[in-house]
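Below: the structure, in structure tokens.
Residue numbering restarts at 1 for every chain, and letters A, B, ... go by the order of the sequence lines. When reading the values below, keep in mind they use all heavy atoms of this one structure, side chains included, and skip hydrogens, waters and symmetry mates.
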2 protein chains.
Amino acid sequence: MKRLGTFYLQDMRAFLSREIISVNGVISKPGETSISVMDRGFLYGDSVYEVTLTYNRIPFLLDEHLDRLYRSAKSIYMDFSFTREELVSEIFKVVEAIEGDRLYIRIIVTRGEGEINLDPAAAKSNNLVIIGRQLPEYPKSWYEEGVTLIVSDVLRNSKRSIDPGVKSGNYLNNVLAMAEAKEKGAFDAMMLNYKGNITEGTTSNIWIVEGDHFITPPLDAGLLGGITRKSLLLLASKNGLNVSEENITPERLKKADECFLTSSTKEIVPIVKVDDSLIGSGKPGPKTQKLHQIYKQFVLDSIS
Amino acid sequence: MKRLGTFYLQDMRAFLSREIISVNGVISKPGETSISVMDRGFLYGDSVYEVTLTYNRIPFLLDEHLDRLYRSAKSIYMDFSFTREELVSEIFKVVEAIEGDRLYIRIIVTRGEGEINLDPAAAKSNNLVIIGRQLPEYPKSWYEEGVTLIVSDVLRNSKRSIDPGVKSGNYLNNVLAMAEAKEKGAFDAMMLNYKGNITEGTTSNIWIVEGDHFITPPLDAGLLGGITRKSLLLLASKNGLNVSEENITPERLKKADECFLTSSTKEIVPIVKVDDSLIGSGKPGPKTQKLHQIYKQFVLDSIS
């Protein structure tokens with residue numbers, strides 16, 4: 001791994017901060033951290049990334065996130081010029097350099113710098129960027145009152161062009177859907193695939209409840225296999241809940257009893273309105289709240 | 001425009017170089033130039049760009065390129081925090097700071113920095129990056145012997161997801177197609193749309209010749225409207241050549257008499273083989289060479 005800085009405990013204290021960014025092992029404060037404009041992440045979005053949240057200062061399900069990071073990289077033929085052990089060590093250095101229990105950790109690996117040429121072989125060696133920051137609690141209203149989503153006119157990238165299962169630096173597709181949501185006063189957008197089925201939110205997975213049945217779209221609808229999504233599929237089964245992966249059209253979704261989104265940082269957020277349609281009673285549903293309780297207990301059990 | 005540096009002639013001489021990068025008006029050498037890792041161009045590929053070539057130190061068809069830059073920005077709801085006059089002035093400062101007649105000029109405008117949030121409103125103010133460098137003549141063999149392309153398995157992004165007509169920082173789609181080309185020992189790849197028609201090369205437009213008929217795919221096939229492509233459509237008509245925009249399947253292309261690609265930096269490059277099929281005689285065709293002569297004359301007339 002290139003340019004890995006040496007970072008001593010005594011230096012670290014001076015840095016204690018609410019936000020820290022590490023570039024190839026050199027830790028600095030935001031505003032002092034930069035990357036070459038020749039980096040392919042900047043030029044082409046030629047990068048992969050992960051976001052995890054710490055509970056009690058422990059990056060949650062880090063192994064799962066790193067497994068996905070490696071899968072994303074493999075999908076775009078990107079090798080890493082550092083070991084997984086070095087990567088984990090750099091992540092923990094960032095965590096150690098910030099105060100607070102609840103930290104947002106973003107891990108970005110780019111293909112690196114090189115001649116301006118789309119050929120991946122033009123890249124020399126990865127750049128590794130880790131952004132760590134205190135994450136304030138999200139507004140209680142999201143969880144207690146629920147949020148509104150739209151069904152975006154922007155279709156999710158097709159698996160045959162850029163697989164949405166790859167968490168890459170190409171996020172303009174989702175930026176455009178989010179822009180449409182904000183234009184319409186919504187919290188977020190859900191995106192359809194070319195068959196008209198729901199794929200995912202711009203940074204979350206989507207679920208519905210029909211009776212006592214929890215349903216989320218299958219991976220082959222063209223979506224990112226969320227870590228929280230995966231945990232919930234297992235947890236729901238384990239807790240005797242009726243759960244399955246099925247294609248969901250917007251029409252079906254709008255008739256569901258409950259609806260919610262899941263993400264590593266937001267956990268479970270009830271969706272109470274989609275476009276102009278209230279979902280169920282228009283208030284967060286009991287099944288959504290029950291699943292969130294199960295998830296919270298899972299987090300507690302995992303970190304204790 | 002923020003952080004626009006003042007750049008005097010006397011400073012400029014010290015910089016005279018083969019490569020210069022300007023970030024928000026501050027000119028420096030490569031290796032000294034960087035951008036915040038919080039820039040949305042880096043995080044999401046949330047940027048637009050143009051590439052032009054200088055002839056006799058004059059950025060060729062700059063107005064056309066800037067028109068397209070503004071169209072790209074508008075398509076992704078990006079405003080510029082500087083005027084077109086300021087932009088042109090910064091481009092010429094970069095040109096003035098490099099020696100040589102034949103310069104590659106890349107103009108990148110990102111949505112800027114801000115909170116980590118897909119919402120474009122999170123961005124504060126654009127970052128403007130201009131990369132200028134001497135561009136050595138391309139190998140004569142490209143023009144005299146022609147090049148080999150493949151038809152990529154990676155489909156070009158759909159207009160309903162990210163319009164290929166927008167020249168943005170989301171280029172992973174093309175990077176994957178180029179990786180496939182290099183894996184197969186080819187010069188480049190051409191990409192199909194979802195209907196199976198040819199759209200474009202990874203950084204070029206594609207043309208065929210059938211008899212005395214020049215044909216290139218229409219914009220609605222989902223491709224970037226190349227500046228050279230547009231010039232050639234006009235020039236061909238003006239010179240009494242038979243030219244049209246039509247959908248082209250790979251099967252049709254492989255039966256064509258001639259085939260070539262066009263780009264602002266490469267001008268016209270004959271394609272003599274696609275996958276395992278020789279095109280025509282397997283050598284650069286006379287009609288391709290005639291059109292290139294017409295284009296070269298157009299360049300000469302334009303800059304004199």
* Taking N127(A) as the fixed residue, which of R111(A), R40(A), E113(A) is the one that meets the side chain to side chain donor-acceptor pair (under 3.5 Å) rule? -> E113(A)

* Part of V154(B) lying under 4.5 Å from any heavy atom of chain A -> both

* Under 4.5 Å from any heavy atom of chain B - which part of L43(A) -> both

* Short question: side chain of T54(B), backbone of L103(B) - any donor-acceptor pair under 3.5 Å? -> yes

* I21(A) vs I27(A), side-chain contact (heavy atoms from CB on, under 4.5 Å): CA-CA, chis, key distance, verdict -> CA-CA 6 Å; I21(A) 299 175; I27(A) 292 188; over 6 Å; no

* Carboxylate-amine/guanidinium proximity below 4.0 Å for R133(B) and E115(A) -> yes

* Side chain, backbone, both or neither: which part of D153(B) has a heavy atom under 4.5 Å from chain A? -> backbone

* **Pick from Y49(A), Y171(A), Y77(A) with the largest number of heavy-atom pairs that fall under 4.5 Å of chain B** => Y171(A)

* **Most contacts with chain B, counted as non-hydrogen pairs under 4.5 angstrom, among L155(A), D46(A), N173(A), N117(A)** => L155(A)

* **Between D119(B), D188(B), I108(B), the one whose heavy-atom pairs under 4.5 Å with chain A are most numerous** => D119(B)

* **Interchain contact, Y104(A) with chain B, by part (heavy-atom threshold 4.5 Å)** => side chain

* Asked: Does N247(A) reach the main-chain N or O of N197(A) with its side chain, forming a donor-acceptor pair under 3.5 Å?
  -> no

* With a 4.5 angstrom heavy-atom cut-off, which part of I35(B) approaches chain A: side chain, backbone, both or neither? -> both

* **Max heavy-atom pair count under 4.5 Å with chain B, selected residue of T203(A), V166(A), I116(A)** => I116(A)

* Interchain contact, I131(B) with chain A, by part (heavy-atom threshold 4.5 Å) -> side chain

* Structure fact -> Okay, R160(B) and chain A: the region with an atom under 4.5 Å from a heavy atom over there is both

* For chain A, the option from I162(B), T202(B), L172(B) that forms the most heavy-atom pairs under 4.5 Å -> L172(B)

* To do: Keeping the roles fixed (side chain from N126(A), backbone from L128(A)), state whether a donor-acceptor pair exists under 3.5 Å.
  => no

* To do: Heavy atoms only, distances under 4.5 angstrom: which of G169(B), S168(B), S161(B) has the most pairs with chain A? Name it, please.
  => S161(B)

* Determine yes or no for a side-chain-to-main-chain donor-acceptor pair under 3.5 angstrom, with N170(B) supplying the side chain and Y44(B) the backbone. => yes

* Within 45 degrees of the axis of the six-membered ring of Y138(A) and under 6.0 Å from its centre: does R102(A) put its NZ or CZ there? -> yes

* Side chain from CB out, backbone as N, CA, C, O: work out which of these in Y194(B) comes under 4.5 Å of a heavy atom of chain A, or both, or neither. => side chain

* To do: Identify which part of I76(B) has an atom lying under 4.5 Å from any heavy atom of chain A, answering side chain, backbone, both or neither.
  => both

* **Check against salt bridge (Lys or Arg N to Asp or Glu O under 4.0 Å), E50(B) and R106(B)** => CA-CA 6 Å; E50(B) 281 295 323; R106(B) 190 183 188 98; over 6 Å; no

* Heavy-atom proximity to chain A below 4.5 Å, by part of S152(B) -> neither

* Asked: Does M191(B) offer a backbone N or O that forms a donor-acceptor pair with the side chain of T199(B) under 3.5 Å?
  -> yes

